[in-house]
Each structure stands twice: as C-alpha cells, then as structure tokens.
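Heads up, the thing below is written out as structure tokens.
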Amino acid sequence: MNRIFEHPKSLKYTNTHFCPGCTHGVAHRLIADAIDKLNIREKTIGIPGVGCCVFLYKYFNIDVLEAPHGRAPACATGMKRAQPDKIIFSYQGDGDMAAIGTSEIIHAANRGENISVFFINNSVYGMTGGQMAPTTLLGQQTTTSPYGRDFKTEGYPIKMAEMLATLEGVAYSSRVSLHSPKHINQASKAIQKALEMQINEMGFSVVEMLSTCPTNWRVSPTEALETVDREMIPYFPLGVYKERKGKDFL
Amino acid sequence: MLDRKLTKGNIALAEGAIQAGCMFYFGYPITPQNDIPEYFAKNLPKIGGTFVPAESEIASINMVMGAAASGKRAMTSSSGPGISLMQEGISYMAGSEIPCVIVNIMRSGPGLGGIDPTQGDYNQAVHGGGHGDYSNIVLAPASVQEMFDLTIKAFELADKYRNPAMIIADAMIGQFQEACRLIPEHPVKSYDKNWSLLGCESREPRLLKSLYLGPGEQETHNLDLQKKYRTMEEHEVLYESIGLEDAEVMIIAFGTPSRVAKTAIKELRKNGIKAGLFRPITLFPFPKKEIHEYSKKTGKILVVEMNTGQMLNDVIIASDRNSTVSFFGRPGGGIPYPDEIISHAMKLL
Amino acid sequence: MYHDVIMTGFGGQGIQMISQLVAVASIKKGLNITYLPSYGVEKRGGRTNVTLVISDEEIGSPITNTPSGLIAMDLIGLEFYQPIVARNGLLIVNADLIPDDRIKRDDLNILKIKCNEEALRIGNQKMANMILLGCYIHEIDFLDIDDISRIMHEVLPAHHAESIPDNLNAIKRGMELASSK
Ligand code: SF4
C-alpha cells in the first residue's frame, strides 16, 4: 500500500501550545515537510526568535539554539560561518524581526549570509498580548493603538519582503499567506525554494508568511482567515520580490 | 631563554587567542582596542579563520553565540559603550551555558566618556552587567605577557565551565608594549563539547536555551549555575603576592595600578617600610579566602584602583573585620603615580 | 639598574623609531622594558610621546612623573615635560626648534643639539632623530652603538633596509657631538 500522508520526521509528537486557529502551526508543518523532503533533518539547525515562535524546539525534531529577541540572524551568521555545510534557518515574528531586530536582519541579508529566514507576519505582538507591531495595519486596533493605528503618529506598516529584496545580498525574497489551502500550497513551495537556495549556496533567502492571530485580533479562527484575505493581502501583496537564477553574482 | 619580542598588549591578546584556537572573531570598532579586530582581520583569513566586521556590538556578541554554539572557540572585543550593548547576549550565554571570550579594553565613562584608561567597568564585569543571577569568569592581566597567557587561560576556563569569560584590562595595558614570549607556556587545553549544535545526525536533537518556564525549573537552573560558580571559587582562583610574609601594609590592586604599586612598594621598602602587594588575577572567582588570611596577618590594607572604589567593596567583604581598609582611586582616566601610592600608604602607618 | 626616559615631539620627527630602537636593543641585551606610547587624547594635534622604562629587574610602573631623561624634539614637548625631569637628569633638546631661553632647568645634564642642521650637513634631513639617539646613547651606560646596529634591521621597515648605514652614521655623529660638549 502506498503511504500518501504521514507525520513529518522533523516534527515531534507533542501537544501544541498555539491558540486555536493560529497558523504558526501550519508554518511549522510546512517547514518540517520541506526539511523532510530535502532530506536535511540531520544537518539542519533552527534558531527561533522571541515571541510565540520561541517554542520551536518543542516541536522540531532538530538541533535548536534560542536567540535573544531580534538577534537570530546574527546568531545564524555566526553559526553558518562556523558550519557552512549545515542548513541554518531562523524563525521570527514581526516584533522580533521587523522591530527590535531590524539591524540584524538587514545586515545579515546585505552580507548575503547563506541562511534562510522564515518571517511570520500577523500584524501584532502575539505573546505579550496583542500590542501594536510595525506591521500593524492602518486603523487596526491593538492594546497600544486602541484608537487604531494612525500613520501620522505611528507611521505605516513596514513591508519587509519588498525592503529586503532591494539588498544585493538577497537571493530570494517572497511573501506568501497561510489562510487557504491554495495559499498554503504556494507557501510550501516558497519555503522549499528558500531552503534550496541555501543548499545551492545562492545566498540569503527569506519567506514572509501572512499569518493569523485570532486571539489578539479578537475574532474567531474562520474570521481570522478571512481577515488575512480581506485586510492583509491588499496591503501586503503576495508574490516573489526577488529570485536569483544563476550564480552570476559571484 | 625563549625569544621575547617587543609586543603591544592588544596584539599579544589577539595572538594569544589565535594560539588558543580561536578561529572566529566578530567585532565592531571602538578606541582603544582597534588593534585587536585589525589583527584578526589581517591574520585569521591566512589560517582559514573567520573575521566578520559586525554591524554593531549587539550583532557581534550574537555572532559569537552562533559560532560558540557550534562548538568553536569564538570571541569579540570592545570597550565600555560596546560592552554595555553586549550585556544582553552575555546574559543569554551565561543562561544557556555557551562558552566564549569577551574582551573589554576599558575606557573611561560613564556614557561616551573618554578614551583614557580606567577600571570603571569592574562592577559591570564582576557583578553582572546583564540581567539575571549569573557570573562571568573575569581575568585581569597586568602585563603584555599576561595579555597573551590569560587569553589562552580564558578560552580554557570558558570551555571547562561552559561559561562566558571576560578579560578586562585598562587601556594602558592594551596600549603599552613589553617584551613578550608569544608561545603558550603549556600545551593549550581543549574540552569535549558534547553539547554543541552540529545537526542531529545519529543522535537525539540538542537544544541550547535559557528559557525555563515550568514550575521551579528556572530556580533549579539558577541553583545549578551557582553550584558551578562555587566550584570555580574552589579551584580557579589566581593571584600574585609580593612581600606579604612580613608586610605591615598590604596594597591590593589589579591591572595598571598593581604595576604602579610594585614601584611604590620597592621605594617604601628602601625607606624601611614593609609594604606588600596582593594582586587578584581572577576577579571572578575573587580570591576571598586569600585576602581574608592576609588581612588577618597584615591588618592594614590600601586598595588602589582607577575608579572610585569598585573592587574595594569586595575587599571589604573578604577582609578580616579587625583589619582597616583604605582606598586611593583615580577615576575618569586618571592614573595613580608611584609617589601618590607611597603617600597614601604612609598615612596608614 | 633602572632608567626611565620620555621622548617627545610631533608626528613625523621619528620619536617612535628611536624609542623602538632603544626598546628592542635593550630587550636583546636581556633587560626588561616598558614602552608606553601616547595614544588618544594625548595624541591630538599630532603629538608623539613615548615613556620608556628600562631595568634589569622586573618593572613595576610603566608611567613616571620623575623621568631621569627627556629627549624633546620640539618646544611643546619641552615645555610639557621639562618641569618633571628628575634632579641631575638628562635633557637632550633639538636646538633648531627650541630657543635657548626656554630651557629653565639648571640642575640637569643638558645637551642642546641642532639636530636638523646636523642632519642636513650629513646629507639627509630625515636623520635628525638618529642624531639625538646618538647623543642619548653616548650619555647612557647600558647600550652602545653596536647594540643598536645589531637590531636595526628588525625595527626599520624592510623597504628602508638600504638606509641602515646612513642611520648608523647619523648616530655616530650624534655621539661625537655629545662627547665634544
Ligand atoms: S497569540 Fe497569536 S500568534 Fe501567538 S499562538 Fe496565539 S494566535 Fe498564534
């Protein structure tokens, strides 16, 4: 009999701590599937940021280093330089990467570090209870933008995938979404692409994933999925912003 | 006699690191320690090592964390303001028990301060600096030779105890030159790193972290760390003593003031005053027992520092209650001269 | 044996070079030395000061506020350090840049050398520092010209190797000047 579905080897059997309807779990699953598919589990090391993503080590059946808030790309730099034959990825939320860790992500990308970065954009700070993030949409109410985000005082939502794509060192930058089966399929391909970029030593790869946070958005899981489609995608357009084809950069 | 070469303190330190097997350096420039990154930038690529000019000291220390978590000897160096930025990463490494070496060639502060030598960062290095209940191993070289030897020692101790090790030297020790043997005194020790993250091939996955959220977990982790620190206090204390057998006044100093004190002590003894020197080489673990014993014998203590009295408090705690502890310090780039130490020592008699 | 000396001037006068030569030659003879260059603030305005301590015993302080010698290649250096030279100490000044009336001490062994002029006379104006080094060698008892000549190739940058004989000549000239005073 042909087995067509099984538990990824790269994920442990354990209970999830993610809230009902949170798509962090989907992202975990997709990354684990890609690791399995590329047969790199035994040489992959994950570096989660701080936030809801920090428990990566509870789920992934791989070596894990816990980084300080926002510093995962610097840790990944040190690690990749020390072990260029290993596959190193960071997994960061919007507080981690788009706020406190902007310096580290920009410079790791600009140096063209041969690492992969998975960026979960759910437009709020999840773990600390739904405060405003740099990715919070205009008008979106959070506990620290109770009257809705106003560009006059809080600026505009930051577009990381587009911004990073402008840097020479970046080999691959794309934005995907996790809110529907079709989009999850696209996300799966993007994640695999990012890891392949690293395997082929093409340079820095990043996949931004639009993700839900029903708890802090204060909506139902289904409503959260619709919110991504209705409100996030218009501002954060999906697509590939940069993809290096050959090694002409060398 | 082994060939001794005229060498600058900072260069001896960098060469010591390379000979200790440190192939990974990450750093951001700041005076007065730029000779260190420049030496690595020039020499590491020649031997297959890695030098990364990081975008900040925050990035530097985290790159060190990544390389060190891979089981490699890695280091960074900086001075006051940069070391302040690194405290987050140092605390994480202490908590995750990742060994590394951090060098602080101390310049005067607070704030941007100045680039003159100081020992104003003693408390930062020895009593935390970052958040949480942890200790760094802290070594204080007082000569160019020690810049070389103690850097090797720092890597050995860091690995042995899986703990960050700091070298703190005032800018004078970094900038001056002496004859130095640039060959390790003993074969460099290395330690098995069966905790390093290399990918989980043919074994269970490993994890390096400082987060412990389960009930009582963090407390247990803290107590384990403290146990390790007590072991260091038991086995790793280093100090130098001169003339303490018959001393009527004991000068306690580290780094440059200990050098100046040596000259002062010679003069004092020429004039019939029995002065002696106690020089802590490890600031953590601090030579508490030894200072206690000598303080009982000598009774009169003069602590000399290039700050307003930081190690002073540790000496007061360590000293016998019947001894008197006095202090002479010059903060903010001031350097004590021999005659100043002499007159302060005379006041005690 | 214990000796401490401060050498001072502005950048380009070759203070570092002559102090390095003394330091390395002393180490070769088995002596201990500390070499403390000015850095940072002290260096502003292009100053170069070096404090050298030389001893056959372990050296404590690398700094001194009573040097037994001062080599001043310009007026600023002289004015700054003149007051602290130890009684009966040695003072060597570049008399081309330092007017006689600025030398205030009368309790020192003073050599006023027109080293720039002398350097020109022997055909290389860059040798002024070596002339003063020659004077200094003549006045101290722990080094002679052979000690310097032995290590010159270690201290001089490789591309200046062919200038070693000129340097030694200048040192010799300095020694002559000192002995004729
Ligand atoms: S708080 Fe938000 S991001 Fe965090 S687990 Fe819950 S739903 Fe997911």
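Every chain is numbered from 1 and lettered A, B, ... according to where its sequence line falls, protein lines coming before strand lines.
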Does any heavy atom of chain C fall under 4.5 Å from the side chain of B:P257, the backbone, both, or neither of them?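 Nothing of B:P257, per the 4.5 Å heavy-atom cut-off to chain C.
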
Side chain / backbone / both / neither for B:K8 at chain C, heavy atoms under 4.5 Å: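 When you check distances to chain C, no heavy atom of B:K8 falls under 4.5 Å.
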
In the structure I gave you, are the side-chain heavy atoms of B:L6 and C:Q20 within less than 4.5 Å of one another anywhere?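 Result yes, sub-4.5 Å side-chain heavy-atom pair found.
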
Mind checking whether C:T34 and B:Q177 have side chains closer than 4.5 Å, heavy atoms only?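 Counting from C-beta outward, C:T34 and B:Q177 never come under 4.5 Å.
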
Determine the option with the most heavy-atom pairs under 4.5 angstrom with chain B, choosing from C:I33, C:I63, C:V53.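 Top count of heavy-atom pairs under 4.5 Å with chain B: C:I63.
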
[X] versus chain B, heavy atoms under 4.5 Å apart: side chain, backbone, both or neither?
{"X": "C:T66", "answer": "neither"}
{"X": "C:L31", "answer": "backbone"}
{"X": "C:E154", "answer": "neither"}

Could you give the distance from [atom1] ([X]) to [atom2] ([Y]), rounded to the nearest 0.5 Å?
{"X": "C:E57", "Y": "B:K262", "atom1": "CD", "atom2": "NZ", "answer": "12.5 Å"}
{"X": "B:Q175", "Y": "C:Y35", "atom1": "CD", "atom2": "OH", "answer": "11.5 Å"}
{"X": "B:D339", "Y": "C:S61", "atom1": "CG", "atom2": "OG", "answer": "9.5 Å"}

Donor-acceptor under 3.5 Å (B:R259 side chain, C:I59 main chain):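 Side chain of B:R259 to backbone of C:I59, a donor-acceptor pair under 3.5 Å: yes, one is there.
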
Side chain to side chain contact (heavy atoms under 4.5 Å, CB included) partner of B:F176, chosen from C:T51, C:V50, C:L36: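 That would be C:L36.
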
If you count the non-hydrogen atoms of other residues, nucleotides and ligands that lie under 6.0 Å from CD in B:E240, is the total more than 12?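 Correct, the count exceeds 12.
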
Select, from B:T263, B:V260, B:V144, the one with the greatest count of heavy-atom pairs under 4.5 Å involving chain C.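 Highest number of pairs under 4.5 Å: B:V260.
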
